[in-house]
K.L.:
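Let me begin by handing over the structure; questions about it come next.
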2 protein chains.
Amino acid sequence: MDKYQNIYRDMLDDIKSGKYTSGEFLPSDTKLVMKYNVSRETVRKAMVNLAHDGYVQRLKGKGTIVLDRQRVAIPMSQLKSYREVMVEGNITSTNDVLFLEENHEVPENLRIESAIDSDLMSTKLIRRRNVGGEATVIDYDYINQAVVDHLPREAAAESIFNYFEHDLGLQIDYAIKHMTIEPANQQDHKGLGVAIGSPVVVIRSETHLTDNRLLSFTESRHRADRFSNVEFSRRRN
Amino acid sequence: MDKYQNIYRDMLDDIKSGKYTSGEFLPSDTKLVMKYNVSRETVRKAMVNLAHDGYVQRLKGKGTIVLDRQRVAIPMSQLKSYREVMVEGNITSTNDVLFLEENHEVPENLRIESAIDSDLMSTKLIRRRNVGGEATVIDYDYINQAVVDHLPREAAAESIFNYFEHDLGLQIDYAIKHMTIEPANQQDHKGLGVAIGSPVVVIRSETHLTDNRLLSFTESRHRADRFSNVEFSRRRN
DNA sequence: AAGTGGTCTAGACCACACG
DNA sequence: GTGTGGTCTAGACCACTTT
């Protein structure tokens, strides 16, 4: 484990556990240098990341203060799996695999920007997510078979991100996501129980690995009345 | 100007101008060290920021490659003003000031998390944004009078962010934004021309300065059929 | 073996806040 | 003046990719 990652997690745990509450100051960089026996740049790397992720505010001349925010939802801009979001929010949800089959082509409207490889073969997976016994999201995944040749049904029923990272050792790195509001179609009506034409939040994304290989295309269709998103954003200059 | 900021902008200009196109490699860190006569950590700071912002991908052992993406839209997670987004996208838009008055209280439903200061006095500003001659957004701003005591009507008609930063010397730093989909109300109907009950994208945000002072609360109401958002997201660990 | 990016160090100087 | 965070340096070692 890298040292700065370790410090990041340590401090984040302390914030989440309430050891440091909003408005309080964290120990200064110098104190943390002594506590962890590392150089200051290493401490700074951890603290700057915490600030960037919206947990703390660095105040020049004063110190590092804990920000006031309950993370009710996890932002789109954080690339977490549905499962991870649910676990962090202490939400119980179930997961129906509606379809799983190999050797499918990726639909045109899902090819966001790049992906000129027209001969890309993928595993098509359709899942429905239920929260509180209520269907809220339908996911359509197209997983690149050049990267994942076979997806077991058990993995699809659990967390595919977890399967990719822990069982296959893939390193998921980044995604590009497009969000629009669209009228519900026949499938939304059947799967989510919403009226045809009622609003649905559609997020189309393209996920890549650290070596830049394309892992998957996904279309997530959310009931608009159950959708909520929280973003923390920092200004660049 | 800090050195790493300078390198960031230089390289970003080269990417945007097409000097380096998607799939191409940027010069290696070592080359940039020589070019700019700085230490490697300084070059890295610039490059890591470019990677974080989704412009390039750092490939260990290989180099830094330019990613393939036309920034059609600017993500919610970037804290830019409406004006800035329009300028970057080469979109022409107009701006109607519908209301401007001091000494208003901030409505309860806009006080996202913190802001317990119930005696907070603010300047209330309502604006309508038109793109292509069509009304697409209504903004309700409540600007903290303890920070900005008076907002000239001319500044409201132009860009308030620009006024805050350049005329008042304030340093805008971060915001917390909540997004939901809600049915259009009477004001949406009148201002945006949409049917009552039709979907509206509502973004409520709270903006802070670098010294952590609260600058403003904003409620932006977008026509859902004109709304689109693109996010670039990186996975943490 | 040579080149790439990732981490880490020990030290320096700066700008800012607070007594 | 002391303490805080922000920038920068010159060097080191590592893991990875390519030749």
Side-chain angles (χ1 to χ4, degrees), chain A residues 1-11 20 23-52 55-67 169-171 173-174 208-213 234-237, chain B residues 1-11 20 23-52 55-67 169-171 173-174 208-213 234-237:
Chain A
M1 172 59 71
D2 293 328
K3 294 183 180 180
Y4 79 95
Q5 302 270 23
N6 186 31
I7 299 172
Y8 178 99
R9 295 193 183 185
D10 249 37
M11 300 311 295
Y20 302 108
E24 262 185 273
F25 282 94
L26 293 187
S28 71
D29 291 3
T30 321
K31 299 250 178 61
L32 292 175
V33 162
M34 293 185 292
K35 173 175 177 188
Y36 289 98
N37 263 299
V38 295
S39 75
R40 196 175 149 232
E41 284 290 2
T42 300
V43 165
R44 288 197 78 258
K45 207 145 147 188
M47 302 306 278
V48 165
N49 283 342
L50 281 172
H52 189 277
Y55 295 107
V56 302
Q57 179 76 347
R58 304 270 284 175
L59 300 173
K60 198 188 293 191
K62 299 182 78 171
T64 303
I65 198 171
V66 178
L67 288 181
L170 299 175
Q171 291 183 291
D173 190 19
Y174 70 94
H208 292 256
L209 305 176
T210 49
D211 61 10
N212 215 20
R213 275 185 299 165
R234 280 199 184 270
R235 188 152 174 81
R236 178 163 291 289
N237 306 317
Chain B
M1 170 61 68
D2 295 327
K3 294 183 181 180
Y4 79 95
Q5 303 269 25
N6 187 32
I7 299 172
Y8 178 99
R9 295 192 185 187
D10 248 36
M11 300 311 296
Y20 302 107
E24 261 185 273
F25 282 94
L26 293 185
S28 71
D29 291 3
T30 320
K31 300 250 178 62
L32 292 174
V33 161
M34 293 185 293
K35 174 175 178 187
Y36 289 99
N37 261 301
V38 296
S39 75
R40 191 169 154 238
E41 285 290 2
T42 301
V43 165
R44 288 197 79 257
K45 208 148 154 183
M47 302 306 279
V48 165
N49 282 343
L50 282 173
H52 189 279
Y55 296 107
V56 302
Q57 179 77 345
R58 303 271 284 175
L59 301 174
K60 198 188 294 189
K62 298 183 77 169
T64 302
I65 197 170
V66 178
L67 287 182
L170 300 175
Q171 291 184 291
D173 190 20
Y174 70 94
H208 292 256
L209 305 176
T210 50
D211 61 10
N212 214 20
R213 276 186 299 166
R234 280 199 184 269
R235 188 152 175 81
R236 179 161 291 290
N237 309 315

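Per chain, numbering begins at 1; letters A, B, ... match sequence-line order.
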K.L.:
Distance check, rounded to the nearest 0.5 Å: Met34(B) atom CE versus Ser28(B) atom OG?
P.N.:
6.5 Å
K.L.:
Can you sort out the partners of Lys60(B) under side chain to side chain contact (heavy atoms under 4.5 Å, CB included), two or more places apart, ordered by chain and number?
P.N.:
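So Lys60(B) forms no side chain to side chain contact (heavy atoms under 4.5 Å, CB included) with any residue.
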K.L.:
According to side-chain hydrogen bond (donor to acceptor under 3.5 Å, both in side chains), who are the partners of Asp10(B), at least two apart in sequence or on a separate chain?
P.N.:
Tyr36(B)
K.L.:
Can you give me the closest heavy-atom contact between Val56(A) and Arg234(A), atom names plus distance?
P.N.:
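That would be O-NH2, 3.0 Å.
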K.L.:
Got a sec? Which of residues 23-36 of chain A come in under 4.0 Å of DNA chain C, heavy atoms?
P.N.:
none
K.L.:
What is the separation between atom CG on Asp211(A) and atom P on dT18(D), rounded to the nearest whole Å?
P.N.:
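Going from CG in Asp211(A) over to P in dT18(D) covers 10 Å.
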K.L.:
Could you check how far CZ of Arg58(B) sits from C1' of dT17(D), rounded to whole Å?
P.N.:
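About 15 Å, once rounded to whole Å.
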K.L.:
Go through the structure and list residues passing ring-ring contact (aromatic ring centres under 6.0 Å, His included) with Tyr174(A), not counting sequence neighbours.
P.N.:
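Checked Tyr174(A) against ring-ring contact (aromatic ring centres under 6.0 Å, His included); matches are His208(A), Phe232(B).
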K.L.:
Name the nucleic acid region contacted by Val48(A), choosing base, sugar-phosphate or nothing; use a 4.0 angstrom heavy-atom cut-off, strictly under.
P.N.:
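Nothing: the residue Val48(A), judged by heavy atoms under 4.0 Å, touches no strand.
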K.L.:
What is the minimum heavy-atom distance between Asp173(A) and Leu209(A), and which atoms define it?
P.N.:
CB-C, 3.6 Å
K.L.:
Mind checking side-chain hydrogen bond (donor to acceptor under 3.5 Å, both in side chains) for Ser39(B) and listing every partner two or more places apart, or none if nothing turns up?
P.N.:
Thr42(B)
K.L.:
Let me check the geometry of the helix from dA1(C)-dT18(D) to dC18(C)-dG1(D). What is the bend angle between the axes at its two ends, five pairs each, to 10°?
P.N.:
0°
K.L.:
Given that Met47(B) and Arg40(A) both sit by DNA chain C, which one's nearest nucleotide is further toward the 5' end?
P.N.:
Met47(B)
K.L.:
Using the test side chain to side chain contact (heavy atoms under 4.5 Å, CB included), find all partners of Gln171(A) that sit at least two apart in sequence or belong to another chain.
P.N.:
Thr210(A)
K.L.:
List in chain and number order the residues that pass side-chain hydrogen bond (donor to acceptor under 3.5 Å, both in side chains) with Asp29(A), two or more places apart in sequence or in another chain; answer none if no residue qualifies.
P.N.:
Arg58(A)
K.L.:
Quickly work out the Asp173(B) CG to dG5(D) C1' distance and round it to whole Å.
P.N.:
13 Å
K.L.:
Below 4.0 Å from chain B heavy atoms, what is the first contacting nucleotide of DNA chain C and what is the last?
P.N.:
dG3(C) to dC8(C)
K.L.:
Return whichever of Glu41(A) or Gly61(A) has its heavy-atom-nearest nucleotide of DNA chain D closer to the 5' end.
P.N.:
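Upstream on the strand: Gly61(A).
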K.L.:
Closer to the 5' end of DNA chain C via nearest nucleotide, is it Leu59(B) or Lys60(A)?
P.N.:
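Nearer the 5' end of the strand: Leu59(B).
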K.L.:
Mind calculating the distance between CG (Asn212(A)) and P (dC16(D)) to the nearest angstrom?
P.N.:
18 Å
K.L.:
Nearest heavy-atom pair of Tyr20(A) and Phe25(A): which atoms, and what distance?
P.N.:
CD2-O, 4.1 Å
K.L.:
Checking Asp211(B) now: which residues fulfil side-chain hydrogen bond (donor to acceptor under 3.5 Å, both in side chains) with it, not counting sequence neighbours?
P.N.:
Arg213(B)
